[in-house]
Engineer: 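Below is one structure. I have some questions about it.
Naming convention: chains lettered A, B, ... in sequence-line order (proteins, then strands); numbering from 1 in each chain.
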Protein chains: 2
Amino acid sequence: MATTIMEVARHAGVSASTVSYVLSGKRPISQPTRERVLASIAELDYHPHAGARALAGNRTQVIGLVMPVGSSGLHRPLLAEFMMAISVTARGYGHNVLLLTDQEGQRSVVDATRGGQVDGLVMMDVTLHDPRVETVRRLGIPTVLIGLPAEPGGLECVDLDFAAAGRLCVDHLADLGHREVVFVGQPEEVYRRQTGFAERTLTGVLDQARERGVRVTHRPCEGGWSATAGLLARVLAERPSVTALVVHNESAASHLAGVLRNCGRAVPEDVSVVAIGADAAAESGEPPLTSIAVPAQRLGTHAVQALMAHLEGPRRPAAPPGARPAPGPSPGAGAGPDGPGGPLLLRPELTVRASTGPARSAPPPRAPRHG
Amino acid sequence: MATTIMEVARHAGVSASTVSYVLSGKRPISQPTRERVLASIAELDYHPHAGARALAGNRTQVIGLVMPVGSSGLHRPLLAEFMMAISVTARGYGHNVLLLTDQEGQRSVVDATRGGQVDGLVMMDVTLHDPRVETVRRLGIPTVLIGLPAEPGGLECVDLDFAAAGRLCVDHLADLGHREVVFVGQPEEVYRRQTGFAERTLTGVLDQARERGVRVTHRPCEGGWSATAGLLARVLAERPSVTALVVHNESAASHLAGVLRNCGRAVPEDVSVVAIGADAAAESGEPPLTSIAVPAQRLGTHAVQALMAHLEGPRRPAAPPGARPAPGPSPGAGAGPDGPGGPLLLRPELTVRASTGPARSAPPPRAPRHG
DNA sequence: CTGAAAGCGCTAACAC
DNA sequence: GTGTTAGCGCTTTCAG
């Protein structure tokens with residue numbers, strides 16, 4: 001049934017080890033031999049047995065993707081985006097991805113690791129005090145974290161530079177003349193749980209606001225239409241001179257424009273809006289929102305590249321059709337003084353869409369638009 | 001470093017095979033022996049080596065999840081939903097999930113299968129003429145398809161009963177007195193590609209419309225705000241007496257209410273809306289839409305259960321905390337006359353939200369609401 | 001540059 | 001009810 005390396009060897013008139021070395025490239029093989037072997041492999045449609053390989057070679061060519069399962073700050077579209085990017089990049093390096101959901105504590109992670117099922121791990125949605133970090137540290141398996149824990153414990157981290165994102169939003173609005181801004185944030189609980197990215201964003205916003213002489217009012221938001229509407233009504237009554245919003249909350253962002261219209265404020269004529277979050281949420285609304293995307297794809301790709309670098313010296317990807325050969329972590333990285341060893345923080349990029357414009361001196365509540 | 005079965009055996013004063021049999025339960029072990037062995041396993045923190053196991057036992061306890069990668073009709077939130085459900089259910093059966101993206105053709109699927117890396121496959125987002133189906137059929141690996149291909153070739157299929165979903169929408173509207181309905185469908189291309197689910201929905205809608213004396217106008221829709229707005233403006237001008245919409249298009253659904261408001265029609269006072277698609281899209285709008293959800297979770301769970309049934313006689317799940325013991329494919333199944341062997345079509349469930357109400361005899365275009 | 005052979009850690013007959 | 005043993009298919013010394 002299953003073709004073995006011995007059959008290939010016989011068919012090519014060589015020994016099994018030669019076939020193995022042709023495949024691994026771990027020792028020089030003469031051109032003619034190599035060709036005969038490859039021909040036999042093709043003809044017999046040989047596929048090496050992964051288990052045998054793992055047993056003998058102590059490497060599986062599989063990376064584990066540790067997913068959040070319970071209360072994740074990560075929203076669904078992003079999750080899918082991450083997985084795609086990670087899977088595609090991993091395959092570029094000849095690796096497959098094993099899904100590790102930690103429903104039952106961290107059993108699946110520990111089992112897979114100790115059972116020699118994976119060569120390394122990528123852990124998604126890492127929070128500030130994430131118990132999983134200590135687990136993998138103890139397991140001693142090469143791991144890259146997506147997110148920034150308080151104690152990386154020597155593990156590599158990859159994330160969006162949320163502080164810079166916050167600053168960038170304020171800059172954009174300040175450049176347009178806005179001086180009074182509301183920051184619609186994550187649900188209260190997220191700040192209490194110290195998720196990290198939420199605080200970093202807030203800090204960035206506040207810092208740059210001070211810098212630019214912008215007044216910022218921070219309001220956590222539960223998301224959904226009614227919560228968002230209520231929040232906005234209150235805060236706009238409180239601060240009538242607000243001319244712009246920064247929103248770091250996907251499920252609020254999609255409603256903002258509608259809510260504002262209902263309050264009789266046009267976007268961007270009366271109020272400008274900048275979002276931080278999944279592109280899908282920003283693009284799909286009316287008007288589409290100027291936003292800073294969480295670059296799930298780039299983050300996933302970088303995470304895998306970083307992991308591969310750890311897996312065995314600078315091995316290069318198997319030239320995946322369409323994937324660049326990863327000439328180092330240059331793209332969009334704001335590595336800062338940490339250099340290699342510090343977290344890899346991707347520089348945020350602001351996409352200007354239709355929701356931001358110059359500030360009005362007075363914010364005139366008008367009748368809703370009819371077109 | 002890694003504890004082996006032999007070390008456990010020595011520590012417990014038994015042979016390796018006994019340890020193996022304690023773990024697999026494939027032969028009776030006396031109570032005292034079993035206990036000693038389990039104690040040793042715990043004390044030494046033994047984790048069987050997956051590769052060795054796969055090699056000797058010819059089973060990996062891993063299922064492959066074949067994901068769409070390119071032009072998928074499936075939208076992101078659903079994808080994530082599927083994966084979670086599948087992964088969680090699989091772990092309930094003691095299996096892990098290997099992600100198989102078919103970017104480079106079907107190489108990853110073939111490699112993983114022939115390489116003995118997976119015991120079975122779940123294939124997502126299967127279309128009517130899906131080339132992957134023939135591939136897995138030829139590979140001869142146990143596979144469950146999510147979606148209905150034209151030629152299942154003996155493979156098991158699981159899907160939502162989209163025809164029934166279409167009928168259910170029409171019934172709901174007809175019951176409310178609506179007689180003139182627009183069906184906002186998938187993008188034109190989807191119908192041309194014969195994706196299957198799109199046609200089945202359309203058929204269901206048209207059939208039941210005939211049955212109930214409802215007039216239906218079908219319009220494919222590209223999605224997004226402007227396309228949706230344009231489409232609606234045209235069709236409402238054409239058919240002024242329309243009082244309800246059925247929308248089978250996530251990226252149009254989220255805009256419908258807003259667009260209608262902009263046309264001066266209130267939902268549901270002037271126009272009722274029923275959606276078929278991801279719950280998230282329906283729930284998040286204002287007003288939230290009455291809808292039939294694609295039950296990603298249930299579909300994923302059923303797919304895995306069906307696969308497990310194929311993997312080796314009726315093996316039972318390892319009593320996962322909180323997962324029901326799968327007493328057969330009863331829940332919500334409209335198995336029909338096919339019984340076991342035919343596709344498992346889940347019965348659609350309509351969730352009434354705020355977007356549907358009784359039909360008005362005349363559809364009076366009014367001024368937009370100010371609240 | 002190539003072969004022979006010793007395991008990797010486990011499962012599943014086959015013995016008793 | 002338990003122990004012995006022969007591989008599973010591959011990688012990698014060690015020889016040549």
Engineer: In whole angstroms, how far is the C1' atom of C/dT2 from the CD1 atom of A/I5?
Structural biologist: 14 Å
Engineer: Compare all side-chain heavy atoms of B/V144 with those of B/V158 and state whether any distance is below 4.5 angstrom.
Structural biologist: yes
Engineer: Between D/dG1, C/dC1, D/dC10, which nucleotide has the shortest distance from any of its atoms to the side chain of A/P28?
Structural biologist: C/dC1
Engineer: So if I take every side-chain heavy atom of B/A52 and compare against D/dT11, C/dG3, C/dG9, which nucleotide ends up nearest?
Structural biologist: C/dG9
Engineer: Under 4.0 angstrom, heavy atoms only, what part of the nucleic acid is B/S30 near: base, sugar-phosphate, or nothing?
Structural biologist: sugar-phosphate
Engineer: Would you indicate what B/G115 reaches in the nucleic acid, counting non-hydrogen atoms under 4.0 angstrom: base, sugar-phosphate, or nothing?
Structural biologist: nothing
Engineer: Any idea which of C/dA12, C/dT11, D/dT13 is nearest the B/Y21 side chain?
Structural biologist: C/dA12
Engineer: C/dG7 C1' sits how many Å from A/R53 CZ, rounded?
Structural biologist: 18 Å
Engineer: Nearest-Å distance, CZ (B/R27) to P (C/dA12)?
Structural biologist: 11 Å
Engineer: For A/E151, I'd like to know if atom CD has over 12 heavy atoms of other residues, nucleotides or ligands within 6.0 Å.
Structural biologist: no
Engineer: Do NZ/NE/NH1/NH2 and the carboxylate oxygens of A/R10 and A/E7 come within less than 4.0 Å?
Structural biologist: no
Engineer: Which comes earlier along DNA chain C counting from the 5' end, the contact point of A/A16 or that of A/T33, where each point is its nearest nucleotide?
Structural biologist: A/T33
Engineer: Could you tell me how far apart A/M6 (CE) and D/dG9 (C1') are, to the nearest whole angstrom?
Structural biologist: 11 Å
Engineer: Which residue in the set B/I63, B/T60, B/V118 passes side-chain contact (heavy atoms from CB on, under 4.5 Å) when paired with B/L98?
Structural biologist: B/V118
Engineer: For B/L55 and C/dT11, what is the distance between atoms CG and P respectively, to the nearest whole Å?
Structural biologist: 11 Å
Engineer: Please determine, for the side chain of B/S15, which listed nucleotide (C/dT2, C/dC10, D/dT4) has the closest atom?
Structural biologist: D/dT4
Engineer: When we call it a touch if two heavy atoms are under 4.0 Å apart, what does B/V19 touch: a base, just sugar-phosphate, or nothing?
Structural biologist: nothing
Engineer: For B/Q31 and D/dT2, what is the distance between atoms CD and C1' respectively, to the nearest whole Å?
Structural biologist: 16 Å
Engineer: Counting only side-chain nitrogens and oxygens, does B/K26 get under 4.0 Å of the OP1 or OP2 atom of C/dA12?
Structural biologist: yes
Engineer: Counting neighbours of CD on B/Q106 that are heavy atoms of other residues, nucleotides or ligands and sit closer than 6.0 Å, is the number greater than 12?
Structural biologist: yes
Engineer: Going by modelled atom types, is there a donor-acceptor pair between the base of D/dT4 and the side chain of B/S17 at under 3.5 Å?
Structural biologist: yes
Engineer: Could you tell me how far apart B/H49 (NE2) and C/dG7 (P) are, to the nearest whole angstrom?
Structural biologist: 17 Å
Engineer: Can you tell me how far P of C/dG9 sits from CZ of A/R114, to the nearest Å?
Structural biologist: 13 Å
Engineer: Tell me which nucleotide among D/dT12, D/dG3, C/dG7 gets nearest to the side chain of A/S20.
Structural biologist: D/dT12
